[in-house]
Amino acid sequence: MILAALLSMQTLAALPVGAAKENTKSVNETWIERPWEIRYIIDVLDRIDRKAMREISLRERAQKGGVERFQLYDSLVAPESNITLGPESLHHVVALEFDRKGRLLTKHDASTVLYARRSVTDTIKLTGEEVPYFVAEWFQGLHGAGTEFAPAVCGSSDRDRYHEDWDRDYDDYGNFGCREWTYQLNESTAKYIDVTSYSKHGASIGRFTGWARFTDPPRPVIGKHRKRWYCLYECPAGEHPGPIANIKTWTRRHGFPMPRGPHEQPEFPDKNYPDDRED
């Protein structure tokens, strides 16, 4: 998703200067007029990905979006928490929290108040400054599927995660994505959201984007990395994000069931929902 946007930027940069200036705003900045319903959006990513995304964001922000008016939100906010997953891995939890008008409540260094909006092309951006900041994509769902995992807020890796050529053993990004998140979000009996990714390498916490509506009850976001469980966000009873000493004791203390892994991941690949529309 982000790579495609960057390629689009390179293409536009090659256009004659006059042609570029004629169209400073795109359809991606035509906003849908509807009440804002998202309470938060989080990105969880490792140190290397966070550094790369922030560098891209700072570079684009310095250029004020360029002629194609594209910049990422990553230059605006600091991580909500930094969680060490063993000696080899540090994960950042970056949270964007909103009020019911879509105003960004998370501390940021933009020059003005920012509001989240959804465009007619199903992108979510922060508006207020001249050039909006890209946050995520709004996924409407698949033909042949129900509403169990859609609509959803999806991140940069989700467009590839559900294709047939996705490498399930590529451990860095993991097999848990926005469809798995939203399925749990929509499950009324769920006590938490389990973001564990499973592959031949075992359990891990990969890169993913999560979200919740104002109508969703607060739920802890937990995941297993190697042999240890962690609480990443909205931890219960005032607990701080970090390692869970004993998952059995923790679930019993809070009245939660023990986590159970899925039969396979990704759980909702495109191949399970063939397009049966008639031409």
Side-chain angles (χ1 to χ4, degrees), residues 1-9 12 24-32 36-82 91-139 151-159 173 177-178 181 206-213 221 232-234:
M1 176 170 59
I2 290 176
L3 288 177
L6 295 177
L7 289 173
S8 174
M9 291 163 52
L12 285 168
T24 57
K25 286 192 176 182
S26 71
V27 69
N28 290 322
E29 294 175 44
T30 303
W31 313 118
I32 294 175
W36 184 251
E37 57 189 314
I38 297 175
R39 181 167 61 88
Y40 73 77
I41 297 174
I42 63 169
D43 277 329
V44 175
L45 60 168
D46 65 22
R47 178 177 55 233
I48 296 174
D49 282 338
R50 168 65 179 169
K51 183 175 183 293
M53 297 302 291
R54 185 167 174 80
E55 287 176 350
I56 293 172
S57 179
L58 287 168
R59 184 164 62 249
E60 297 307 323
R61 190 177 178 190
Q63 297 172 359
K64 297 184 178 180
V67 296
E68 60 289 308
R69 301 176 64 84
F70 179 84
Q71 59 185 354
L72 304 171
Y73 86 89
D74 299 74
S75 65
L76 289 172
V77 299
E80 172 79 9
S81 59
N82 298 313
H91 272 42
H92 301 285
V93 179
V94 183
L96 302 179
E97 298 180 342
F98 307 98
D99 67 13
R100 290 183 178 272
K101 293 183 178 180
R103 180 168 63 98
L104 179 64
L105 302 178
T106 303
K107 183 179 179 181
H108 60 82
D109 62 2
S111 60
T112 187
V113 176
L114 297 177
Y115 288 86
R117 305 293 298 274
R118 179 155 63 93
S119 75
V120 296
T121 55
D122 289 330
T123 58
I124 296 173
K125 294 185 178 182
L126 298 174
T127 67
E129 294 189 334
E130 179 185 359
V131 180
Y133 295 89
F134 176 88
V135 176
E137 285 192 347
W138 180 256
F139 172 65
V153 173
C154 297
S156 58
S157 57
D158 285 312
R159 182 169 291 184
Y173 272 49
C178 64
W181 175 288
R207 177 176 178 172
F208 64 88
T209 297
W211 69 299
R213 297 157 293 221
V221 179
L232 305 179
Y233 189 68
E234 290 204 323

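- Judged by distance alone, with hydrogens and angles left aside, the side-chain atoms of T106 form a donor-acceptor pair with the main-chain N or O of E97 at under 3.5 Å.
- Side-chain contact annotation: T121 with N28, donor-acceptor N/O pair under 3.5 Å present.
- Between the CG atom in D43 and the CG atom in L96 there is a gap of 7.5 Å [rounded to 0.5 Å].
- Side-chain contact of E129 with T112: a donor-acceptor pair under 3.5 Å is absent, judged by distance alone.
- Between A152 and W211, the shortest heavy-atom distance links the atoms CA-CZ2, 3.9 Å.
- Between K125 and E29 there is no salt bridge, since no side-chain N of the basic residue sits under 4.0 Å from a carboxylate O of the acidic one.
- Atom CG of residue L126 and atom CZ of residue R117 lie 11.5 Å apart, to the nearest 0.5 angstrom.
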Residues F134, F70; criterion side-chain contact (heavy atoms from CB on, under 4.5 Å); working and verdict: CA-CA 7 Å; F134 176 88; F70 179 84; 4.1 Å; yes

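- A donor-acceptor contact shorter than 3.5 Å is absent between the side chain of W138 and the backbone of I124.
- Under the 3.5 Å distance criterion, with hydrogens and angles disregarded, no donor-acceptor pair is assigned to the side chains of S75 and R59.
- Between the side chain of T127 and the backbone N or O of Y115, at least one donor-acceptor pair lies under 3.5 Å.
- Here R118 pairs with D122 in a salt bridge; the nearest charged N to carboxylate O distance falls below 4.0 Å.
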side-chain contact (heavy atoms from CB on, under 4.5 Å) between V221 and W181, worked out: CA-CA 10 Å; V221 179; W181 175 288; 3.5 Å; yes

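- When atom types are taken as modelled, the side chain of D49 and the backbone of D46 share no donor-acceptor pair closer than 3.5 angstrom.
- Summarising the local packing, CD1 of I48 is surrounded by 12 or fewer heavy atoms from other residues, nucleotides or ligands at distances under 6.0 Å.
- Note that OG1 of T123 is 6.0 Å distant from CH2 of W31, once rounded to the nearest 0.5 Å.
- Considering all non-hydrogen atoms of both residues, P79 and R50 come closest at CD-NH2, 3.8 Å.
- Using modelled atom types, no side-chain atom of R207 and backbone atom of L45 make a donor-acceptor pair closer than 3.5 Å.
- A salt bridge links E55 with K51: the closest approach of a Lys/Arg side-chain nitrogen to an acidic carboxylate oxygen falls below 4.0 angstrom.
- Between the side chain of E80 and the main chain of Y233, no donor-acceptor pair closer than 3.5 Å is present.
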D109 vs R61, salt bridge (charged side-chain N to carboxylate O under 4.0 Å, His left out): CA-CA, chis, key distance, verdict: CA-CA 12 Å; D109 62 2; R61 190 177 178 190; 3.1 Å; yes

Y133 vs L76, side-chain contact (heavy atoms from CB on, under 4.5 Å): CA-CA, chis, key distance, verdict: CA-CA 9 Å; Y133 295 89; L76 289 172; 3.7 Å; yes

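- The backbone N or O of L72 sits less than 3.5 Å from a side-chain atom of S57, completing a donor-acceptor pair.
- The CD1 atom of I56 lies 13.0 Å from the CZ atom of R54; values are rounded to the nearest 0.5 Å.
- A pairwise comparison of heavy atoms in V153 and A136 identifies CG1-CB, 3.6 Å as the closest pair.
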Derivation and outcome, ring pair (Phe, Tyr, Trp, His ring centres under 6.0 Å), residues W36 and F98: CA-CA 9 Å; W36 184 251; F98 307 98; 5.5 Å; yes

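- Residues I41 and V135 form a side-chain contact, since some pair of their non-hydrogen atoms from C-beta on lies under 4.5 Å apart.
- Shown here for Y173 and S157, the closest heavy-atom pair between the two residues is CD2-CB, 3.1 Å.
- A donor-acceptor pair under 3.5 Å is absent between the side-chain atoms of H92 and the main chain of V94, judged by distance alone.
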Candidate pair C178 and D158, rule side-chain contact (heavy atoms from CB on, under 4.5 Å), full reasoning: CA-CA 7 Å; C178 64; D158 285 312; 3.4 Å; yes

